[in-house]
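Keep in mind that the numbers below use all heavy atoms, side chains included, and drop hydrogens, waters and symmetry copies. Whatever order the structure lists ligands and atoms in, that order sets their numbers, starting from 1.
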Amino acid sequence: MTLVDWGKLPTDLFIGGVWRPAASGRRIDVVDPSTATVITSVADAGVEEAVAAVDAASAAAAAWAGTSPRQRAETLRRAFDLMTERREELAQLMSTENGKSLVDSRAEASYAAEFFRWYAEEAVRVRGEIAEAPAGTNSILVTYQPIGVAVLVTPWNFPAAMATRKIGPALAAGCTVVLKPATETPLTALALADLLTEAGVPAGVVNVVATSTPGPVVGAMLSDERVRMLSFTGSTEVGRVLLRQASDRVLKTAMELGGNAPFLVFDDADLEAALDGAMVAKMRNGGQACTAANRFYVQAGIHDAFVRGLTERMGRIVLGAGTDPDTQCGPLVNRASVEKADHLVRDAVARGASVTTGGEPPEEDGFFYPPTVLVDVPADAEILREEVFAPVAPVVRFEDPEEVLAAANDTIHGLVSYVFTGDVARGMRVAGRLESGMVGLNRGLVSDPAAPFGGVKQSGLGREGGHEGLLEFMEAKYVATSW
Ligand code: NAD
């Protein structure tokens, strides 16, 4: 039995509080990755609708910025309550359009809703400061103001959470937004627009435009003088393109980009805890997470036991359609992702790695790749450099802690790293030297709405979540004051 009412699901563009088709009449097919069949279609925005969405966000900006923090908090809190009530329906929707297992979708629906609750709580906790100028001549008064209209661009891998992680703080800050969801997963974003309207978000405060031509559509918004900020989550490659475009207008940007997370296991680690952590860090979302453990470095003394345990756990995972209740790992998002995983595994094997489980995509219509473990992966294998984005765990044996730190940091990325050790002092030392914005110490999951999520190096700029996430959508206003 399905909870999603497909007949009532919004599939048009949401601009200025009104659902409307694209002027061109064009629509985008939404595909179920479990079956490779079309589920439905959504309106396909062009530049005309992008400008209309900015018109709407701009027209609503002053009134929304003028609401009280308490009013914005209570609206977000209602959004949290509605999302919690509709968790199962949203989970089914995500499992259908993204393919992730219901376990993953339910977890995402809860995680996504938490951004509304957290920012409902943060909306009323923005503090400025007042200080005496060092010369003693006046006061330095600092307050925070909403930055204005923000364009939000999100990926397909967490269709709800990547949207609420931006909409929550933007609305709490007093900003209005245009959300451009990923072309592969527009339905969840449109369902969120509906839910936010029901929660009392006024017309024009949140606008949603799905498009098959993100370049021109996002480009038109970034070149619009009324837009003040771009908050992007996606690949480093697209992030670089958008940073270049944003530079034309010196636009404020927040960038959550790709990762290549190392997962370090030292000899003194608790084996079971390391395996539990490895399964979460690798298999959350079927390996399609920016935080996914991409490379496992395991010290010689614990290596063989770790590989045995990981092979056994990965080998018994049930692969299947996202909406099948027995499924533990769903399909990848599209055919190209399967081909990429297959290529990376074959490249590693050709260079000397061995497969201990998985390694062959099944012959099915959907976009499946099986949970796979590779051992003895040589340093020149492409899989150690590329973001895998599939349920594939390459394992490398190491002896020397200094060498493993150098290998872990030898990447342009720096989103998250994982360290497992029984010696917390060593763990803290290693965490301090890992070049990443986040570290999981004896933990395979770091994401938390209350914590500042983000990367260093080419994994991004800025932070989402925590109090930092709210300040990203605000600007400091300093008033030099003589009383
Ligand atoms: P992607 O970069 O291909 O697309 C992201 C978004 O950008 C989509 O909405 C897409 O339509 C849009 N886009 C694509 N080309 C564009 C262009 N030329 N101009 C404007 N917009 C454009 O990424 P993806 O495949 O959707 O997502 C996977 C990537 O996202 C991975 O690299 C992953 O690590 C990253 N990611 C990062 C985080 C994080 O918080 N750091 C979280 C989730 C995903």
Side-chain angles (χ1 to χ4, degrees), residues 28 30 33 42 44-45 47 50 97-98 100 108 111-112 115 151-166 178-186 188-189 208-223 227 230-246 251 253-261 284-294 332-334 336-337 340 386-390 411-416 436-438 446-449 451-466 468-469 472:
I28 312 167
V30 183
V42 299
D44 185 0
V47 165
E97 71 168 343
N98 168 287
K100 64 175 76 184
E108 177 176 352
Y111 172 56
F115 284 102
V151 169
L152 316 178
V153 179
T154 52
W156 49 264
N157 65 338
F158 289 97
M162 297 302 96
T164 62
R165 197 164 80 173
K166 297 184 189 304
V178 180
L179 170 65
K180 206 285 307 154
T183 317
E184 294 85 346
T185 55
T188 306
V208 183
V209 287
T211 178
S212 64
T213 51
V217 163
V218 173
M221 294 194 278
L222 299 190
S223 60
V227 169
L230 165 67
S231 177
F232 173 77
T233 299
S235 61
T236 297
E237 199 181 10
V238 173
R240 285 192 201 106
V241 171
L242 293 179
L243 276 168
R244 277 195 283 272
Q245 285 179 20
L251 199 64
T253 57
M255 292 275 155
E256 295 287 348
L257 307 178
N260 179 3
R284 176 169 173 244
N285 231 22
Q288 300 181 106
C290 53
T291 50
N294 214 53
L332 300 182
V333 73
N334 53 30
S337 301
K340 180 179 171 189
E386 284 272 325
E387 195 177 22
V388 185
F389 246 58
T411 166
I412 59 163
H413 295 292
L415 188 61
V416 61
S436 59
M438 303 177 286
V446 296
S447 304
D448 190 322
F453 184 108
V456 301
K457 293 158 75 176
Q458 294 190 35
S459 284
L461 300 168
R463 294 294 181 268
E464 289 190 331
E468 291 87 339
E472 292 280 342

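Of the protein's non-hydrogen atoms, Val238 CG1, 3.5 Å is the one closest to atom 16 (C) of ligand 1. Annotation: atom 7 (O) of ligand 1 to nearest protein heavy atom, Phe232 CE1, 3.3 Å. Protein heavy atom at the shortest distance from atom 11 (O) of ligand 1 is Lys180 NZ, 2.7 Å. For atom 24 (P) of ligand 1, the closest non-hydrogen atom on the protein side is Trp156 NE1, 3.3 Å. In this structure, atom 38 (C) of ligand 1 lies nearest to the protein heavy atom Cys290 SG, 3.0 Å. For atom 21 (N) of ligand 1, the closest non-hydrogen atom on the protein side is Pro214 CB, 3.7 Å. Closest to atom 23 (O) of ligand 1, if we only count protein heavy atoms, is Ser235 N, 3.4 Å. Protein heavy atom nearest atom 41 (N) of ligand 1, with residue, atom name and distance: Leu257 O, 2.8 Å.
Distances from ligand 1 to the non-hydrogen atoms of Gln245 include no value under 4.0 Å.
Counting only distance, with no hydrogens or angles, the side chain of Glu387 and the backbone of Asn260 share no donor-acceptor pair below 3.5 Å. The backbone N or O of Val217 sits nowhere less than 3.5 Å from a side-chain atom of Thr211 that would complete a donor-acceptor pair. Looking only at distances, no side-chain donor or acceptor of Arg165 sits under 3.5 Å from a matching main-chain atom of Ala160.
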Between Gln245 and Leu242, does a side-chain contact (heavy atoms from CB on, under 4.5 Å) hold up when you go through it step by step? CA-CA 5 Å; Gln245 285 179 20; Leu242 293 179; 3.9 Å; yes

Step by step, work out the side-chain contact (heavy atoms from CB on, under 4.5 Å) result for Met438 and Leu415. CA-CA 6 Å; Met438 303 177 286; Leu415 188 61; 3.9 Å; yes

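For ligand 1, the polar-atom distance check finds no N/O of Thr236 at less than 3.5 Å from any of the ligand's N/O atoms. For a threshold of 3.5 Å applied to N or O pairs, the pair formed by Arg165 and ligand 1 contains at least one separation below that value. Ligand 1 has no N or O atom lying under 3.5 Å from any N or O atom of Ser459, backbone or side chain. No N or O atom of Pro155 sits closer than 3.5 Å to an N or O atom of ligand 1.
The two residues Ala210 and Val42 come nearest to each other via the heavy atoms CB-CG2, 4.2 Å. Annotation for Val209 and Met221: closest pair CG2-CE, 4.4 Å, computed over non-hydrogen atoms. Between Gly455 and Glu256, the closest heavy-atom pair is N-OE1, 4.4 Å. Across all their heavy atoms, Gly287 and Ala292 have their closest contact at O-CB, 3.6 Å. Considering every non-hydrogen atom in both Thr185 and Trp156, the closest pair reads OG1-CA, 3.3 Å.
Ligand-side atoms of ligand 1 in range of Leu242: 19 (N), 20 (C), range being under 4.0 angstrom from any heavy atom. Atoms of ligand 1 lying under 4.0 Å from any heavy atom of Thr154, numbered from 1 in the order shown and given with element: 6 (C), 8 (C), 9 (O). Near Leu415, the atoms of ligand 1 lying under 4.0 angstrom from a non-hydrogen atom of the residue are 41 (N). Those atoms of ligand 1 that come under 4.0 Å of a heavy atom in Phe389, given as number and element, are 28 (C), 31 (C), 33 (C), 34 (O). Below 4.0 Å from some heavy atom of Thr183 lie the following atoms of ligand 1, by number and element: 11 (O). Proximity to Asn157 (heavy-atom distance under 4.0 Å) selects the following atoms of ligand 1: 43 (C), 44 (C). Interface atoms of ligand 1 facing Val153, defined by a heavy-atom separation under 4.0 Å, are 6 (C), 7 (O), 9 (O), 12 (C). If you number the atoms of ligand 1 from 1 as listed, the ones under 4.0 Å from a heavy atom of Val218 come out as 20 (C), 21 (N).
At a 4.0 Å heavy-atom cut-off, ligand 1 does not touch Glu184 at all. Residue-level proximity to ligand 1 for Phe453 is carried by the side chain, the only part with a heavy atom below 4.0 angstrom. Under 4.0 Å from ligand 1, the heavy atoms of Met162 that appear belong solely to its side chain.
At least one side-chain heavy atom of Phe453 sits under 4.5 Å from a side-chain heavy atom of Thr291. Counting heavy atoms from C-beta outward, Thr188 and Glu97 have side chains that approach closer than 4.5 Å. In this structure the side chain of Met255 reaches within 4.5 angstrom of the side chain of Leu230, judged on heavy atoms.
To the nearest 0.5 Å, atoms OG1 (Thr183) and CG (Asp44) are separated by 8.0 Å.
The heavy atom nearest to atom 30 (O) of ligand 1, considering only Gly234, Ser212, Gly454, is found in Gly234.
A salt bridge links Glu464 to Lys166: one of the charged nitrogens lies within less than 4.0 Å of a carboxylate oxygen.
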